[in-house]
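All remarks here apply to the structure that follows.
Chain identifiers are assigned alphabetically (A, B, ...) following the order of the sequence lines, protein sequences preceding nucleic acid strands; residue numbering begins at 1 within each chain.
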Protein chains: 2
Amino acid sequence: MAVQPQPGLPAAPTLLDVAAAAGVSQATASRVLNGSTRKVAVAYRDRVLAAAEELGYTANLSAQATARGTSSVIALLVADIADPYFGQIASGVARGADEVGLVVTIAITERDHDREVRLVRTLRGLRPHALILAASRGSDPAPGLLQELEAFSSAGGRVVALGPGAGEARAVTVDNHGGAVALGGALAGIGYRRAVVLAASLGVHSSDDRVAGFTEGFTAGGGEVLRVHHAGYNRESGHRAMRAALAFGLEPGTLVFGVSDMVAVGAMAALREADRAVGPDIAVAGFDDTPTGRDVSPPLTTVHIPLEELGYQATRAAVDHDWRHVAAGLELDVVLRASTPPLG
Amino acid sequence: MAVQPQPGLPAAPTLLDVAAAAGVSQATASRVLNGSTRKVAVAYRDRVLAAAEELGYTANLSAQATARGTSSVIALLVADIADPYFGQIASGVARGADEVGLVVTIAITERDHDREVRLVRTLRGLRPHALILAASRGSDPAPGLLQELEAFSSAGGRVVALGPGAGEARAVTVDNHGGAVALGGALAGIGYRRAVVLAASLGVHSSDDRVAGFTEGFTAGGGEVLRVHHAGYNRESGHRAMRAALAFGLEPGTLVFGVSDMVAVGAMAALREADRAVGPDIAVAGFDDTPTGRDVSPPLTTVHIPLEELGYQATRAAVDHDWRHVAAGLELDVVLRASTPPLG
DNA sequence: GAGAATTCAGCAAGCGCTTTCCAACCTGCT
DNA sequence: AGCAGGTTGGAAAGCGCTTGCTGAATTCTC
């Protein structure tokens, strides 16, 4: 908490400076420079534009926001921006915001619920146009959070949740269930009959949906899910869960479905450590289609999620006045690769 | 450009509302709620705090910024937030900002110079405390950019550049050269004698430094750099450059040094397509130590860059009043893995 | 060519907050 | 009693910008 202002430096030029330089009133300068409906005679307009250019004027967005009563920022809350999963979402959000001339402010929850509440509180102070929550993979929100969100939206802010929405929030979802059904079906279709699932904790919605969908699709195709191991969403959890699964013994030709690519990658590492060949011996599939999945060997079968598009849709939802929930959620595609070679 | 304000909703409570509810003046409320040096009698203070809590008050940061003449945001410019390289940097920046109670606003250049200039212009409007540039991997800045930066810093803003600084900017650098020397030395040390380098375009500073450093270290250790192929920094460039290198013919036991992990990963893919075994036949090394490098097989030898720390140092540089350039740049570590097995 | 209608620059109020000043009140001392 | 010195609440002047309103200048109409 030690941020000193600069010592006496020449401040940035203000609108008044520009107006004076152009020999017009502040009102006229404002109308020329910052999108107003009223038009200004071309002679004046040119003088103002020239003066602004000359001085290198940029409108003070804070002042503009106070005067207009509405700011030009969108706030984005993510769990971890270093994770490409959230990075891609952020990328889409930024693109959407850019399109409508908004600026994106980002905050990182580190998956800590209290922190999340604090951050929302801070961000509220920016009076952002909208608050986009991509903070978790859909476990239930902390109680304090709902209260903050309520305060925000009842003051005219818009809340967009990625994943199942909460309360007032608009929600942009992904069809986890459908994608998993398709994956299960496709893998049963190429001959797999026995599968082990490595999932995140129970209660994490997206994981639950994927497990349920996969089971449904795989069973419908004639396969059987032997066991579900619960650990987490990341690489390390996948590694742990895989070791647990190996302890039960795994016949060749068994399929391991990791509830995310990271889990699957962790599982692959564990398999290799146990001297089991990934692919011909034990097949592995993931979910998310992260770039890494393409580069591991064998390349990972997975379900593609258009994350960038998801982020983009979130800004649309935040900005469009009339917006209807993307009914079934964004559609997902199964991507079959060498980690699940066709069987028999 | 179509962002309508909300229709007549109850606005967020203002400081005046709180003051009224507490039965004190606005000045007193301000002093209680937003860090002032003056103290307020405990009886008043409690009433104000209670009222604020009751109303769910949050200071309007825009108004605060106009009044104080200084805002609480740090602006961050990255090339591509979906790229974990920048994601990690952003993560460090966010942590640093959080520590001093600042908020991070992010913009994405998409590696487009004009866009970058436009974005700086927009961000300037926020009158941010500092502007952190992580927009490129250090190719030379566009001329218009320098002008914008000059305007910003001469109005009291601070500019921090990651990589070689420009003009007024403070710079946080990474010892690319030193890291590459160490890598070259280590690989010569385990028996490699012939190397091919896959680099980005000439003129991209970080790439040039890495090539020069590697050559220096490798030669000093008794090795010889046969050729340098120039393509780019990403996976696809690595793939292309590797194909070009293969066209020249490559003896077993040759080492391929890709100037980034992504380049190396692309090279590995090209090698596999050409039925050359990575490791025993052709060794591959990268630079950056991205998570993917650990999961490809064989795991990739590389140089670890503390990117998160780099981002963190950037905020420190932005915030600390007296700050000295981290002299030689952040130190890098060589990480030897199975993609470069000891030779002979 | 006179009055009506239209255009459009500028005045000034106001956005939500900070901060300077002032006045009221309290000490503690002679 | 009387007064210097110290506290502390409140009035009000800004911060840089937007915008409703006013009224002068221009254009139109018959």
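- Not one N or O on the side chain of B/T315 forms a donor-acceptor pair closer than 3.5 Å with the backbone of B/A318.
- The structure places OG of A/S153 at 11.0 Å from CZ of A/R170, a figure rounded to the nearest 0.5 Å.
- With sequence neighbours excluded, the residues satisfying side chain to side chain donor-acceptor pair (under 3.5 Å) with A/Y312 are A/E99.
- Closest approach of A/L310 to A/T173, counting heavy atoms only: CD1-O, 4.2 Å.
- When the side chain to side chain donor-acceptor pair (under 3.5 Å) test is applied to A/R45, no partner is found at least two apart in sequence or on another chain.
- DNA chain D is contacted by both A/L16 and B/A41; B/A41 maps to the nucleotide lying nearer its 5′ end (nearest heavy atom per residue).
- In this structure A/R115 satisfies the side chain to side chain donor-acceptor pair (under 3.5 Å) test together with B/D98, sequence neighbours excluded.
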Go through A/R111 and A/E116 one step at a time and tell me if the salt bridge (charged side-chain N to carboxylate O under 4.0 Å, His left out) criterion holds.
CA-CA 8 Å; A/R111 298 192 170 78; A/E116 185 171 7; over 6 Å; no
May I have the step-by-step check of side chain to side chain contact (heavy atoms under 4.5 Å, CB included) for B/Y57 and B/D17, ending in yes or no?
CA-CA 9 Å; B/Y57 172 79; B/D17 295 336; over 6 Å; no
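- Residue whose closest nucleotide on DNA chain D sits further toward the 5' end, between B/G69 and B/K39: B/K39.
- Within the 3.5 Å criterion, the main-chain N or O of B/S71 finds a donor-acceptor partner in the side chain of B/H129.
- Taking 4.0 Å as the cutoff to heavy atoms of chain B, we find the contact window on DNA chain C bounded by C/dG16 to C/dC21.
- Each salt bridge (charged side-chain N to carboxylate O under 4.0 Å, His left out) pair with one or both residues in residues 118-132 of chain A, not counting sequence neighbours, appears once here: A/R121-A/E148, A/R124-A/E148.
- For DNA chain D, no neighbouring residue in residues 117-126 of chain A is found when judged by any heavy atom under 4.0 Å.
- Across residues 24-33 of chain B, B/V24, B/S25, B/A27, B/T28, B/R31 each have a non-hydrogen atom less than 4.0 Å from an atom of DNA chain D (numbered order).
- Near DNA chain C, defined here as any heavy-atom distance below 4.0 Å, the residues from residues 56-68 of chain A are A/T66, A/A67, listed numerically.
- Checking side-chain atoms of B/S154 against main-chain N and O of B/E150 turns up a donor-acceptor pair under 3.5 Å.
- Each end of the helix from C/dG1-D/dC30 to C/dT30-D/dA1 gets its own rotation axis from five pairs of C1' atoms, and the angle between them is 40° to the nearest 10 degrees.
- When the side chain to side chain donor-acceptor pair (under 3.5 Å) test is applied to A/T28, the partners found at least two apart in sequence or on another chain are A/S25.
- B/R47 contributes a side-chain N or O that, together with a main-chain N or O of B/A22, makes up a donor-acceptor pair within less than 3.5 Å.
- Residues meeting the side-chain contact (heavy atoms from CB on, under 4.5 Å) test with A/S72, sequence neighbours left out: A/L61, A/L102.
- Under the side-chain contact (heavy atoms from CB on, under 4.5 Å) criterion, B/S30 pairs with B/L15, sequence neighbours left out.
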